[in-house]
S.K.: 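The structure is given below, and queries will be raised subsequently.
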Amino acid sequence: MESDGEHSPPHACGAGHRASHSLPTSAGGSVCVSCAAALLFSASAPSHHVSHVLASLSLALADPTFLAPLRAAHPRLLAVPLVEALAGAAARRDVALATQASDLAADLASAVGPPAASDLVARLAHVLSLGSLVKHFHTLHCLGFLLNSIKGAASYIGDALPLFLNLVNNLRLPSDEIRGEIMFMLYKLSLLNATPWDNICDNDNVDLSAVGKSLLQLSLEVLLKTQNDAVRLNCIALLLTLAKKEAFDILLLGDLSLIKSVEEEESTQTDDTPLNASIIVLFADAVKGSLLSTNLEVQTGTLDLIFHFLSSDANMCVVLQTLIDENVADYVFEVLRLSGNNEPLVISSIQVLSLLATSEEMFKEKLAIGFSTLLPVLHHVTEIPFHPVQSQVLRLVWICIVNCSGILSLSQEEQIACTLTLILRRNDNGELGMCSETFALVCSILIEIMRSPSAHDIQKLPSLIEEASKHAISSTLPPAYDCASLVPHSLRLLKEALIFCLEGNANKEVKKDLEDSIIEICGTYLLHWLDSSVVDGNDDETLGEILQIFHIILSSTSHNKQLKFAEMLASSSWFSLSFGFMGLFPTDHVKSLVYLVTSSIVDKILGCKYGETIRDAYVYLPSDPTEFAYLLGQCSSEDFNLASCQCSILVILYACSFYNERLVADSQLLSSVEQYILLNGGKFPYEIAGSVMLTLLVHLYAFVRGISFGCTIQHSPEAEKTLFHVMASKEWDLLFIRVHPIALKWLFQKVELLEPLSFQMLNFCRTFCEDKTVVLSNSSQLVDIKMVAELVFSGETRLSSLLVSLLNQIINHGTEDEVFSVVNVIAEILVISPCSSSHFTSSGVIDAVGSIYCSPYSSRIKTVCSLLIFNILYSASAMTVYWLDEWLALTMKLLEYFNSSLDYTSSDQEQKILIGIFCLILHHSASKVLIEPAKAIILNKPLVSLTDGIIQEACAKGPSLLQYNQETDFGGFMILILQLVFFSLRSLHAILDPSIDWQEFLQHSDNTQFFSVVGIPCHDLCRLMHFGPYPIKLIASQCLLELLTRVSDQRSYLNAELRCSAQYMKSIIAVIEGLVLSQDSRVAENCGSCLSMILGWEKFGSQENMVGRESKWSRLITEELAVALTAPGLTSKSFSNQQKIASNIAVSLLKLSQVPEWLTSLFDSSLISGVVGNLSARNVTADIVKLFSELMAKKYLTQEHIISLHNLFQVCRRQVYEGSSLKSELSEQKAEETVARSPDEVCALLFGIMLNQRTACTLQMEQQNLLREIDLFFQESSQGE
């Protein structure tokens, strides 16, 4: 290189080369490329001279002034010398010089372009094609770089075969660096399609099979021995490229004739082709080290290599067997375990394992060992929508569960089920999509988990399966969802879940929830799908799966769930739907399933195994219901198959009747059934239970006649007559099957059927008494007491008359048990429907029951009869009991029977009920009915004697009477006697008042039987009030109030003086005053009313004023009232409910002719002002208004008080008028009707009647009393003005 100045023109160099070879540089000098080439060519040139030339050329190539003429005039001049220099440096093992030459060659190819690059590549390839490459590391590196960086560089190689063969041969060199470079070269040649297999025609009869196997073997040996990840990467890259070229398909085969085109190879290769087993073993050993590398790229590449190796068309069974035997799967599982969910590693590992898993039998042991590694991967891939290997991971899990279920722990199975349930939940919610294969695998895995022996021990599995099946069904079965291929999988999951919850004894409660959920799914989704399938015509496979699920529920679940599910299906137009299915899918399979489910439904809704008839004859049954009428119209006496078919049709038609389904028009149905009756006359083949089918025929005919009643549909009298004759002459059972109310109503309307129906009702009564609970609880199946009660109550049948007539018949000709059963049924009907008493009364039940008391029946029957009579009297109206003769006769029989077993200390339940009957007769007599029976009771001497004796015994007990409450025998009987006295006093007033001297009850006598009527003197009532327990206090105070009211009324009417002594009255007043402040408001109110009444009498002795004035209790009560009206918060707790009583007492005291002085001082002007100021419209009552009226009459009120009260009462009256509409609606609500079932309930109902005498219509009466008292106050105030 020369430097002649900055702008000197080119000239020849000192060596005499042409001036054109001296290329200028931007520094002003020039470089003679011929000199440089000559020096590079010279083998004897010193290394430092060569290095200097290489350095100068490297700087010149970066100079555009030099590079431009070089490209234009001498692009190829330096290529060959540079290769020679590189080769010479390599031969001398001058690493620095070789590196420098290699770098310059790369720069020259890049700077000059294809002319230089082609020569470089061709010359380098030639150099590397010859001999050992042990010294040519940099030469290899240079050519590799050029092949990698220059497009189409492989085409510059003149003859690639020698290069390729030499490269393969030099793979035996021990140097990792050399082998790595060779691997890279081979990889690039393969990638650039420059291998012998890419140009088979130019190979000069070279044994490519041997070359290929040598290449494969040597490459695998390199991969096996090296610990250098860079070498591994190059080796793996080469092998991957060969695998992708399907070279493994040739290299693994041992026959040279198989080296053909890919198409020929694929068409001739078979599973029996021999393999080079040693290479497969070598491959297995070679990849193990790379799999354990810490370099992720090496691991991923190795896994991809294994995947492509397994994807070859060679004999896969042998390859898989070898790799599995060589434990490659264990290394892959280890990579997966340590992957940390790295996506490339996870994807590649799972792909390899999936290929290994194609040999399930050989791979299952390895999969079982590495299964625990799959679980975190399963959780990972399921959280990512449409993960590339999601389905492969699930398939691996499925294979393991199917083949190695025993190795899974309970926690692992639960974890898998939890993960899969989460997938289905997120898919159903739209959070996470999944492909169809994934969905199918999820369902399959859950099915296998449920089938595992340990599944029943997993605590949470039923709840997980419940959620999973629900989401699986809801995501596949909506009609708008296009996922027909997924429906069978979700249905199989649901069916398996149902089988799972029905098996095993563990987790019963949780499995019960699962079972309920499945049944709910069937009603919510499957039934809806069935309905849409009739319209859309969906596939019969899905229909079959659903029908099988329905059949399992109907045949294997609990009885109650079977019945409930059958009712749900039947009420969802099942029968119409079922024939729609058979029309859409006219196959024997669908027909058999439809009739199987239909028969199970019929078994549940009709009972008596009527479904068996359908199962036996389904082959002959039509798929079109329009053929039913034709088949019923045939004579089947000689054709058993036809007879079975007809019986099945009758069963189906009758079952439809309960759900308002019409498979046949009503008119056609009636004519068909009539035709069947006329042709067959109720004759059934001996193989069919005649009584069972006759019962159904009777009910079906009755139903058809019942629905046609009132319509224009004509019936056949001959068919009716024929059936009635069969019913009378042959055995049938009304109670045998479920009966339609319309059919039952029609039967009990027919007079012609009273005799056969009487026998049926007698059977019903027997059955009811034998097993009352079953009949009552299973009302959806059989004729039950509630249905009978409803028919009686309707009044549209002859059932009440039939029962009374039946009772009369069996009283005369039946047994005691039969009498008891009929009476018991009538009594139960009244319990259910008390208003039915009028129907039985008008049918003569009173005479029928009365005759029982004259017969030697046991007390069991008579007790039921007594309860029956009591309930009739309790629930009957006055018009119902108007017929006097039969009630008088019954009353005399009851009194005779009662007196015949009279006992003063009786605890007999029957006698207590009889006393209750007497009480109700006396109660009705107060309404001017049953007067003569009431007189017979009141004047009955034994009853009067019993009453007096019981009262005297009670009074004699003194303070100890408090212990005899209603729980004791004497206390309970005593309460009933007191109730009898109360109703007797009310009856006396109504029917014998003119002949009764009421003041006799105020007289004291030593005569133990002082009265000729049922009654108690006042002093005995006071003893009972003072010493008795609460119930006795209440009834006695009620009786005392009734007595004093009658005395007061009679004195007012006759203007008579009081004949009792003042001391007698003082004792009565003392007892009453002591109970005015009783904690029980009703006792206190009764006593307050009595005290007010006594204080209001004008004449009861010379000391009457003294009694009123000296009453300390009255003063205390009145003072408490004053405090309550002025300062309610200061009143005692016992006085909080006594304001009304105190007001009435104060009014009575104010009405005395001589008002007590303390009362005058109490109600002074300041107190009244305080009371008026404290009042508001909401707490004004009629008693308060009455008190102010009396205070005004006594001149206690000032004009200011009266004006204030005027204004207050005006507001109060307006509020009453405004709220009257709402209150009247509330007052119209009727109390629930009840009847008695026991003596205790008899006593309770009598209590209710007694108390209602004072509290009936309380709300309306209080409003009316308030308005009336306000009007009186206004009138009196205006008169005073």
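Computation of the quantities below employed the complete heavy-atom set of this structure, encompassing side-chain atoms and omitting hydrogens, waters and symmetry-equivalent molecules.
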S.K.: Test of understanding: with salt bridge (charged side-chain N to carboxylate O under 4.0 Å, His left out), list the residues that count as partners of E661, not counting sequence neighbours.
M.R.: none
S.K.: Decide yes or no on side chain to side chain donor-acceptor pair (under 3.5 Å) for T626 and D624, but give the supporting numbers first.
M.R.: CA-CA 5 Å; T626 57; D624 187 351; 2.9 Å; yes
S.K.: For a 4.5 angstrom cut-off between non-hydrogen side-chain atoms, does I829 reach F840?
M.R.: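 Contact flag for I829/F840 side chains = yes.
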S.K.: Return the set of residues passing side-chain hydrogen bond (donor to acceptor under 3.5 Å, both in side chains) with S801 (not counting sequence neighbours), or none when no residue passes.
M.R.: S843
S.K.: Can you tell me how far apart CG (L493) and CG (L424) are? Round to the nearest 0.5 Å.
M.R.: 7.5 Å
S.K.: Calculate, to the nearest 0.5 Å, the distance between atoms OH and CG belonging to Y595 and L547 respectively.
M.R.: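 One gets 13.0 Å once the value is rounded to the nearest 0.5 Å.
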S.K.: Might you point out which heavy atoms bring C645 and P622 nearest each other, and give the distance in Å?
M.R.: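 Between these two residues, the closest heavy atoms are SG-CD, 4.4 Å.
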S.K.: Can you name the nearest heavy-atom pair linking L679 to Q634, along with the distance?
M.R.: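 Where L679 meets Q634 most closely, the heavy atoms are CD1-C, 3.9 Å.
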S.K.: Find the distance between CD1 (I546) and CG (L526) and round it off to the nearest 0.5 Å.
M.R.: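 Taking CD1 in I546 and CG in L526, the distance rounds to 5.0 Å.
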S.K.: Is the F550 to F565 ring centre distance short of 6.0 Å?
M.R.: yes
S.K.: Could you tell me which residues satisfy salt bridge (charged side-chain N to carboxylate O under 4.0 Å, His left out) with R705, sequence neighbours excluded, listed by chain and number?
M.R.: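 Counting only residues at least two positions away or on another chain, R705 forms a salt bridge (charged side-chain N to carboxylate O under 4.0 Å, His left out) with E720.
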S.K.: Is it the case that over 12 heavy atoms from other parts of the model lie below 6.0 angstrom from the CZ atom of R798?
M.R.: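 Incorrect, the count does not exceed 12.
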S.K.: What are the two closest heavy atoms between T557 and Q562, and how far apart are they?
M.R.: O-NE2, 2.5 Å
S.K.: For this output row, return yes or no: ring centroids of F500 and H456 closer than 6.0 angstrom.
M.R.: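 F500 vs H456: aromatic centres under 6.0 Å.
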S.K.: Looking at residues at least two apart in the chain, or sitting in another chain, which of them share a side-chain hydrogen bond (donor to acceptor under 3.5 Å, both in side chains) with R492?
M.R.: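 Residues passing side-chain hydrogen bond (donor to acceptor under 3.5 Å, both in side chains) with R492: H489.
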S.K.: Evaluate the side chain to side chain donor-acceptor pair (under 3.5 Å) criterion for residues D616 and S644: first the C-alpha distance (whole Å), next the side-chain angles of each, then the deciding distance (0.1 Å), finally the verdict.
M.R.: CA-CA 8 Å; D616 292 341; S644 300; over 6 Å; no
S.K.: Among Y654, Y659, F658, which residue satisfies the ring-ring contact (aromatic ring centres under 6.0 Å, His included) criterion with H740?
M.R.: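 In the set Y654, Y659, F658, the residue that makes a ring-ring contact (aromatic ring centres under 6.0 Å, His included) with H740 is F658.
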S.K.: Locate the shortest heavy-atom distance separating S623 from K591; write the atom from each residue and the value.
M.R.: OG-CD, 4.0 Å
S.K.: Quick check for you: to the nearest 0.5 Å, what is the distance between N871 atom CG and L830 atom CG?
M.R.: 6.0 Å
S.K.: Can you name the side-chain hydrogen bond (donor to acceptor under 3.5 Å, both in side chains) partners of Q646, sequence neighbours left out?
M.R.: S636
S.K.: Distance check, rounded to the nearest 0.5 Å: L498 atom CG versus K495 atom NZ?
M.R.: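 Going from the CG atom of L498 to the NZ atom of K495 covers 10.0 Å.
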S.K.: Should D666 and S708 count as side-chain neighbours, where that means a heavy-atom distance under 4.5 Å?
M.R.: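 The answer is no, as the side chains (C-beta and beyond) never meet within the 4.5 Å cut-off.
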S.K.: Can you list the steps and then say if K564 with E567 is a salt bridge (charged side-chain N to carboxylate O under 4.0 Å, His left out)?
M.R.: CA-CA 5 Å; K564 184 178 179 180; E567 284 286 345; over 6 Å; no
S.K.: Is any side-chain heavy atom of L663 closer than 4.5 Å to a side-chain heavy atom of S576?
M.R.: yes
S.K.: Decide, yes or no, whether a salt bridge links E467 with K470 under the criterion of side-chain N to carboxylate O below 4.0 Å.
M.R.: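 Between K470 and E467 there is no salt bridge, as every charged N stays at least 4.0 Å from the carboxylate O atoms.
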S.K.: Can you run down the salt bridge (Lys or Arg N to Asp or Glu O under 4.0 Å) pairs that involve residues 743-761, sequence neighbours left out, and say none if there aren't any?
M.R.: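 The answer is K745-E796.
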S.K.: For L491 versus I549, what's the shortest heavy-atom pair and its separation?
M.R.: O-CD1, 3.7 Å
S.K.: Please name the pair of heavy atoms, one in E515 and one in S558, separated by the smallest distance, quoted to 0.1 Å.
M.R.: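 Minimum heavy-atom separation between E515 and S558: OE2-N, 4.0 Å.
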S.K.: With a sphere of 6.0 Å drawn around CZ of F793, does it hold more than 12 non-hydrogen atoms of other residues, nucleotides or ligands?
M.R.: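 Counting neighbours around CZ of F793, 12 or fewer heavy atoms of other residues, nucleotides or ligands fall under 6.0 Å, so no.
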S.K.: Kindly determine whether S837 and S875 satisfy side chain to side chain donor-acceptor pair (under 3.5 Å), including the steps that lead there.
M.R.: CA-CA 7 Å; S837 59; S875 57; 3.3 Å; yes
S.K.: Assign the ring pair Y701 / W746 to parallel, tilted or perpendicular, where the plane angle (0 to 90°) is split at 30° and 60°.
M.R.: perpendicular
S.K.: Less than 4.5 Å apart, any side-chain heavy atom of F439 and any of S490?
M.R.: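 The answer is yes; the side chains approach within 4.5 Å.
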S.K.: May I ask you to say whether K511 pairs ionically with D516, meaning some side-chain N is under 4.0 Å from a carboxylate O?
M.R.: no
S.K.: With a 4.5 Å heavy-atom cut-off, do F748 and L754 have their side chains touching?
M.R.: no
S.K.: For this output row, return yes or no: ring centroids of F628 and F579 closer than 6.0 angstrom.
M.R.: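 Distance test on ring centres: under 6.0 Å, yes.
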S.K.: Nearest 0.5 Å, please: how far is CG in L584 from CG in L543?
M.R.: 9.0 Å
S.K.: F764 vs F768 aromatic rings, parallel, tilted or perpendicular, using cut-offs 30° and 60°?
M.R.: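 The rings of F764 and F768 lie parallel, inter-plane angle below 30°.
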